[in-house]
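Inspection log for the structure reproduced underneath, given as structure tokens.
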Amino acid sequence: MSGARVVSPASAPLRGTLSVPGDKSIAHRSLILGSLAEGTLRVAGLPGGADVRSTRTCLEALGASIREDEGALLVEGGWTRRPRPSARVELDCGNSGTTMRLLMGVLAGCPGRFVLTGDASLSRRPMRRVAEPLASMGAAIELSGGEGAPVTIQGKAGLAACGVRLSVPSAQVKSALLLAALSAEGESAVEDPFRTRDHTERMLAWLGADLRLDGRTVRLRPGPLRSDRTLAIPGDLSSAAYFAAAAALVPGSEVSVTRVGLNPRRAGFLDVLRRMGARIAVAEDASSGGEPVGTVGISHSRLKAARVAAAEVPALVDEIPLLAVVASQAEGTSRLEGLGELRVKESDRLAATAAALRAMGAKAVVEGDTLSVSGPCRLRGAEIASLGDHRIAMSFGVAALVADGETRIPDAACAAVSYPGFFDDLEGLRG
Ligand code: S3P
């Protein structure tokens, strides 16, 4: 993707109250589960990013009905019972790992032949982690080179229930299994020792699924989902995190983000920022679709280094590049541990983060799966190689605010994968 941005340093405090686009993870699930349910799900606040659009177009290619209605979307249930367009359906998942992995779970138990493709980045990402546990349920899935996309699925009814313990900390793998379990025979059990994000479980329960939490194991029996209701998707905490970080770093700043999702399994970034000494006020004042919602207010303060243990990473996995930027401005050496999963995101985010920090003059060292960042460091504006990865582009858009000189992000347009208006909203806080 092209579309460069040049971000200049903040010469004054950032101030303002804003809302951010709807949560991407919840949005994917609302389209998929809404299509599988009985009834019509009204979805308000669907984010406009490219990833969610990929899920929508794939579902539509499969014959699902999703239409606009006065600023919201109506997702009609029951698509699996409607005739599909052809014997073999090719589905382009674009850049979106969530689209591909969740649809693998749905389609494994759905009679038909499906081929899931993606862009160059998605085609490099590991899909065996999903295909293997699905195969234990009887799914027939072929991966290109045994590892990734294109993914060919020969879907069939009557999958066996699963009893799986996740071997990688991935909510996408867990969700794929739960989606397959919806059409399997008998009770499936998925143990998640890592406590990854639980949006699928929450939305399933909200739609009336026969689901039970048993310690760290999710138990699910197939049964109807009822969707005649409205889901107001809360703002994405992963998007709000950029403004929280910007406010924490730029002296004198005060920023609030309203109507944002506060799911504790997504809030690790705020927890770590607090430990670093950030001034953060969180007010939970609503719930939506089984998810807590509220306002996050943050103001500038001096920060000290933190250690992030591997067990904490799932709750802030998408915020690690941003946290590394924050760490470069904190007193001492921060150690972020257990970052292996970052190597298989939209880019090798561990290498990309360290390289971009070093390009700006920061001290960042990768040893195994640990990233150490020492601060505080006076960053200098640089050209950032974000490798088409939206989270790298946005994280270093924030770093640019506290750098000397301008920072150029050649492929800043890739922010549109999750947050099309990001750089404009960041500019808007300059007052
Ligand atoms: C997501 C899960 C995480 C996260 C991704 C969205 C989801 O990926 O990084 O942005 O919606 O389930 P993994 O499942 O690979 O950890």
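Whatever order the structure lists ligands and atoms in, that order sets their numbers, starting from 1.
Inter-residue side-chain proximity for Arg266 and Asn263 is flagged as met; some heavy-atom pair is nearer than 4.5 Å. Side-chain atoms of Leu237 and Leu270, non-hydrogen and from C-beta on, do get closer than 4.5 Å to each other.
In this structure, Arg226 fails the cation-pi test against Trp206, since its NZ or CZ atom is not both closer than 6.0 Å to the six-membered ring centre and inside 45 degrees of the ring normal.
Nearest non-hydrogen protein atom to atom 14 (O) of ligand 1 is Ser170 OG, 2.6 Å. Regarding atom 1 (C) of ligand 1, its nearest protein heavy-atom neighbour is Gln172 NE2, 3.5 Å.
For ligand 1, the atoms sitting less than 4.0 Å from at least one non-hydrogen atom of Ala171 are 12 (O), 14 (O), numbered in the order shown with element in parentheses. Heavy-atom contacts of Pro169 reach the following atoms of ligand 1: 16 (O) (cutoff under 4.0 Å). Distances below 4.0 Å separate heavy atoms of Asp318 from the following atoms of ligand 1: 4 (C), 5 (C), 9 (O), 10 (O). Close approach of ligand 1 to Val317 is summarised as follows: ligand atoms under 4.0 Å from at least one heavy atom of the residue are 9 (O). Atoms of ligand 1 found under 4.0 Å from any heavy atom of Arg101, numbered from 1 in the order shown, are 15 (O). Near Ser25, with a cut-off below 4.0 Å to any heavy atom, the atoms of ligand 1 are 1 (C), 6 (C), 7 (C), 11 (O).
The shortest separation from a heavy atom of Lys345 to ligand 1 is under 4.0 Å, placing the residue in contact. Judged by the shortest distance from any of its heavy atoms, Arg29 lies inside the 4.0 Å radius around the atoms of ligand 1.
The line from OG1 of Thr57 to CG of Leu59 is 8.5 Å long, rounded to the nearest 0.5 Å.
Of the heavy atoms in His199, none comes closer than 4.0 Å to ligand 1. Contacts with ligand 1 closer than 4.0 Å are made by no heavy atom of Pro314, backbone or side chain. Of all the heavy atoms of His28, none lies under 4.0 Å from any atom of ligand 1, so neither backbone nor side chain is involved.
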Arg129/Glu132 under salt bridge (charged side-chain N to carboxylate O under 4.0 Å, His left out): CA gap, chis, key distance, verdict: CA-CA 6 Å; Arg129 52 177 58 195; Glu132 259 177 18; over 6 Å; no
Check against side-chain hydrogen bond (donor to acceptor under 3.5 Å, both in side chains), Glu319 and Ser238: CA-CA 7 Å; Glu319 286 68 71; Ser238 292; 2.8 Å; yes
Verdict with supporting geometry, Arg29 and Asp23, salt bridge (charged side-chain N to carboxylate O under 4.0 Å, His left out): CA-CA 10 Å; Arg29 287 153 173 87; Asp23 188 285; over 6 Å; no
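In summary, the side chains of Tyr419 and Asp236 do not present any donor paired with an acceptor at a separation below 3.5 Å, with no hydrogens or angles considered.
Here the two rings, on Tyr242 and Phe269, have centers that are 6.0 Å apart or farther.
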